[in-house]
Colleague: 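Dumping the structure here so I can ask a few things about it.
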Amino acid sequence: MSDKIPVTVLTGYLGAGKTTLLNRILSEQHGKRYAVIVNEFGEIGIDNELVVGADEEVFEMNNGCICCTVRGDLIRIIEGLMKRKGKFDAIIVETTGLADPAPVAQTFFVDEEVQDNARLDAVVTVADAKWLTDRLKDAPEAKNQIAFADVILLNKTDLVTPAEVEEVEARIRGINPYARVIRTVKSQVPLSEVLDRGAFDLERILELEPAFLETGDGHDHHGHDHGHDHHEHGPDCGCGHDHHDHDHDHGHLHAHGGGGLKHYHDEHMQSVALTVSGDVDPEKFIPWVQDLAQSDGQNFLRWKGILSFKDEPRRYVFQGVHMILDGDLQREWKPGEKRDSKLVFIGKDLDKAKLQAGFEATAA
Amino acid sequence: MSSPGSTDTSLADYMRPVLAGSHVTATAFLDTTAVFALGDGTVILANGETTSRLNAHDGASILVAVADGKHLVTGGDDGRVMRINSTGKIEEIGKAPSGAWIDAVAVGPDGAVAWSAGKKAHVRDGKGALFTLDLPSSGRGLCFAPKGFQLYIARYNGVTLWFPRTQGTPKEVAWKGSHLDVTASADGRFVVSTMQENEMHGWRLADNGNMRMSGYPSKVRSMSWSHDGKWLASSGADAAIVWPFMTRDGPMGKPPLELGIRPSRVERVAFHPKAPVLAVGYKDGCIWFIRMDDESILQARSAGEGGPVTALAWSGDGSMLSFGSEEGSAGVLPLPKV
């Protein structure tokens, strides 16, 4: 995987600071050469010969998978970039503020040539500290972008009070507890925190014991009656539509471990972390995840795992976007490293008990 | 089927290597001069022992190139369309707006040239008149119809059939999915595209009949018609997949031939211009010649340096083959007189 070109996908709602970050990446002296795929020309203030305009052409694949959409323009552009192999070190894909990240991510798992040449390194979402809370209420795209992120720049923190920053970060955590959240002003962040993250962010997810996932008050959040109508979800990816007509301010506000962090649980977007102590049996695990992708993949925005396979010295690492899965054996387990198998899901209508039971049934 | 034996390997000894040093996007012959369009923006002209290199797209990359025997037309990620002749004369004949790439090029009757950049297709006829068409999605593949002044444009959900000199909405043939490359049979009856979904799709224009040509393990990115128009060869499998087009219905209900089965994927196919012989270039760099009538095989290049074969072309008289690879190997093979 090392000779595959890392691809950073840059998302964020309109005005959050994506272009500022992009200009910083291109102007900073870091010795790396980036090919940049942008959605709007002219916003890039830096002269770079490898800037190309994208058309955001989302194509459905006729492969029997109803969620499977790809970005046709990205396939075409990456095919073209490969003729310059060796002339650049990494690719950055900027999306529009309204773009759904799923087709972008799926492109890197579905197209064979793209997969042979490039790997999705991280989805970086730039969020506006002042406006994100509002956008999470009225813009489903903004929520998807937060749910999809590996790294979230919580930007423009100078424009809000410290209490408001805590508030918006808690909102983010309620949707996506696994992303690395970095608070920034004018998108100023050490670039090593957002670029070429490799497996690092995945590692972090699985080493994290997210206390905020614990149901500290001891009851099942999914069983709550939140006092408003739930939406019917149509037979599509369940992403990017119609969840924006009510206030979600019904979070479970409980102090935790003395930190005083608020805990919000978004009733549309949840996360689930699962662990099996020790090995799983690949003969059981692989069919299970494949079936799960077919039956529930529409509801999974992202899912990831590091697995300890029976009699396998290497760690099996996989990630999925909706019904599309991609996994391989990576580094060896270190001596003394605890061989646990872990999975995380971010999505809608997640049935934790069912997922846990299914996962445990694959134990070796 | 014979296997390449010791008597065959001598063919490779005739190969004249060309130091391309960069991804070979396309190769072609302009009369007796072999040309190579490269990922570093240069074009190499090779005639006998003499080679020269032209800086056709300064600092950019040649993404697509095609030739008509007299001129090579190249399209780059600098948005420029260049025309080059065998003496090395270069002229710019088209330019896309800043930041756009040239996605496809085609050459047509009387020196006409077509190119696409994003959602626009352009045709420049032999007299220099320019025609532009807005497309519903990016034009991925172009070819001129064998008769008349008509351009076929492969795109998402079908192929647009455009008469540039006539007003009005162009016709289309539709099929759900993303169409990549397009070709037309010499008699004008069939249009065939390659698709994102590891298959080819054909239309019989007389009645818009659809033909699905599927079963490929990979995307098909190379197609070639036999000199008599009876066969269409394709890449994308561990053999060249060759579809029969000699009857009225084309390949409907008929299985294709599988020629040159090897443990490596076929990347390029090129039919000899005068004889029923197919040149096949593989992912491991190997090149075979396969004779259609008895499926006998000659090895023109052994697997090895340079990575996958990305370009294959015959000279107009069929006396020479040129090839290029992903990592910059290239060469010209003059066939010994038999």
Side-chain angles (χ1 to χ4, degrees), chain A residues 3 5 33 35-66 68-88 91 94 103 106-107 109-117, chain B residues 22-26 37-41 58-64 75-79 96-104 117-119 135-140 155-157 175-180 195-199 201 212 214 217-219 221 236 265 283 307-308 310 326-328:
Chain A
D3 59 346
I5 293 167
R33 298 159 302 174
V36 186
I37 302 168
V38 296
N39 62 76
E40 275 171 78
F41 256 96
E43 290 192 354
I44 304 300
I46 309 299
D47 194 28
N48 181 316
E49 64 180 34
L50 275 177
V51 177
V52 57
D55 301 314
E56 306 242 340
E57 293 187 309
V58 176
F59 291 168
E60 289 172 27
M61 295 286 295
N62 301 329
N63 58 1
C65 162
I66 48 180
C68 191
T69 51
V70 297
R71 281 275 301 274
D73 55 330
L74 282 184
I75 294 173
R76 175 169 50 85
I77 289 166
I78 288 169
E79 181 184 313
L81 284 174
M82 288 310 127
K83 298 188 168 76
R84 286 184 179 248
K85 222 172 181 176
K87 300 284 171 60
F88 59 93
I91 297 171
E94 182 201 21
Q106 286 174 164
T107 301
F109 304 136
V110 168
D111 186 83
E112 190 187 340
E113 277 94 70
V114 170
Q115 208 181 5
D116 284 350
N117 290 298
Chain B
S22 175
H23 181 110
V24 181
T25 299
L38 306 180
D40 66 2
D58 189 19
S61 187
I62 298 176
L63 301 176
V64 284
D77 61 11
D78 53 1
S98 172
W101 290 5
I102 305 301
D103 299 317
K119 294 177 186 174
L135 300 168
S137 64
S138 294
R140 282 294 310 262
R155 48 153 177 87
Y156 187 48
N157 286 342
W175 187 259
K176 202 169 168 345
S178 177
H179 299 267
L180 306 176
M195 293 190 71
Q196 173 70 26
E197 284 92 353
N198 298 351
E199 61 185 59
H201 193 84
R212 293 186 72 179
S214 57
S218 304
K219 256 189 258 182
R221 293 315 305 272
R265 192 171 72 205
K283 191 170 186 175
T310 53
E326 188 172 299
E327 291 159 23

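Note on naming: letters A, B, ... go to the chains in the order of the sequence lines (proteins, then strands), and numbering restarts at 1 for each one. Every heavy atom of this structure was used, including side-chain atoms; hydrogens, water molecules and symmetry mates were not.
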Colleague: Go through the structure and list residues passing ring pair (Phe, Tyr, Trp, His ring centres under 6.0 Å) with A/F59, not counting sequence neighbours.
Modeller: B/Y156
Colleague: Do the side chains of A/E112 and B/R265 get close enough for a salt bridge, i.e. N-O under 4.0 angstrom?
Modeller: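 Between B/R265 and A/E112 there is a salt bridge, with a charged N closer than 4.0 Å to a carboxylate O.
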Colleague: Select, from B/G41, B/S138, B/G39, the one with the greatest count of heavy-atom pairs under 4.5 Å involving chain A.
Modeller: B/S138
Colleague: Side chain from CB out, backbone as N, CA, C, O: work out which of these in A/E60 comes under 4.5 Å of a heavy atom of chain B, or both, or neither.
Modeller: both
Colleague: Any idea which heavy atoms bring A/M82 and B/H23 closest together, and the distance?
Modeller: O-ND1, 4.3 Å
Colleague: Side chain from CB out, backbone as N, CA, C, O: work out which of these in B/P97 comes under 4.5 Å of a heavy atom of chain A, or both, or neither.
Modeller: neither
Colleague: Side chain, backbone, both or neither: which part of B/S218 has a non-hydrogen atom closer than 4.5 Å to chain A?
Modeller: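 It is both, since atoms from each part get that close.
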Colleague: Looking at every non-hydrogen atom in both residues, tell me the closest pair between B/W101 and A/I77 and how far apart they are.
Modeller: CZ3-O, 3.4 Å
Colleague: I need the minimum non-hydrogen distance between B/G118 and A/D55, along with the two atoms involved.
Modeller: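 Between these two residues, the closest heavy atoms are CA-OD2, 4.1 Å.
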Colleague: In plain terms, say whether A/K87 and B/D40 are close enough for a salt bridge, that is, a side-chain N and a carboxylate O under 4.0 Å apart.
Modeller: no
Colleague: In terms of side-chain geometry, is the basic nitrogen of A/R76 or B/D103 positioned less than 4.0 Å from the acidic oxygen of its partner?
Modeller: yes
Colleague: Just give me the residue among B/Q196, B/K119, B/E199 that pairs up with chain A most often, heavy atom to heavy atom, under 4.5 Å.
Modeller: B/Q196
Colleague: Sort B/R155 into side chain, backbone, both or neither according to what part of it lies under 4.5 angstrom from a heavy atom of chain A.
Modeller: neither
Colleague: What pairs with B/S61 under side chain to side chain contact (heavy atoms under 4.5 Å, CB included), at least two apart in sequence or on another chain?
Modeller: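 In terms of side chain to side chain contact (heavy atoms under 4.5 Å, CB included), with neighbours along the sequence ignored, B/S61 is linked to A/K83, A/R84, B/L63, B/D77.
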Colleague: Is there side-chain contact between B/L180 and A/E79, with heavy atoms separated by less than 4.5 Å?
Modeller: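 Side-chain contact under 4.5 Å: no.
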Colleague: So, are A/E57 and B/R140 salt-bridged, with charged N and O less than 4.0 Å apart?
Modeller: no
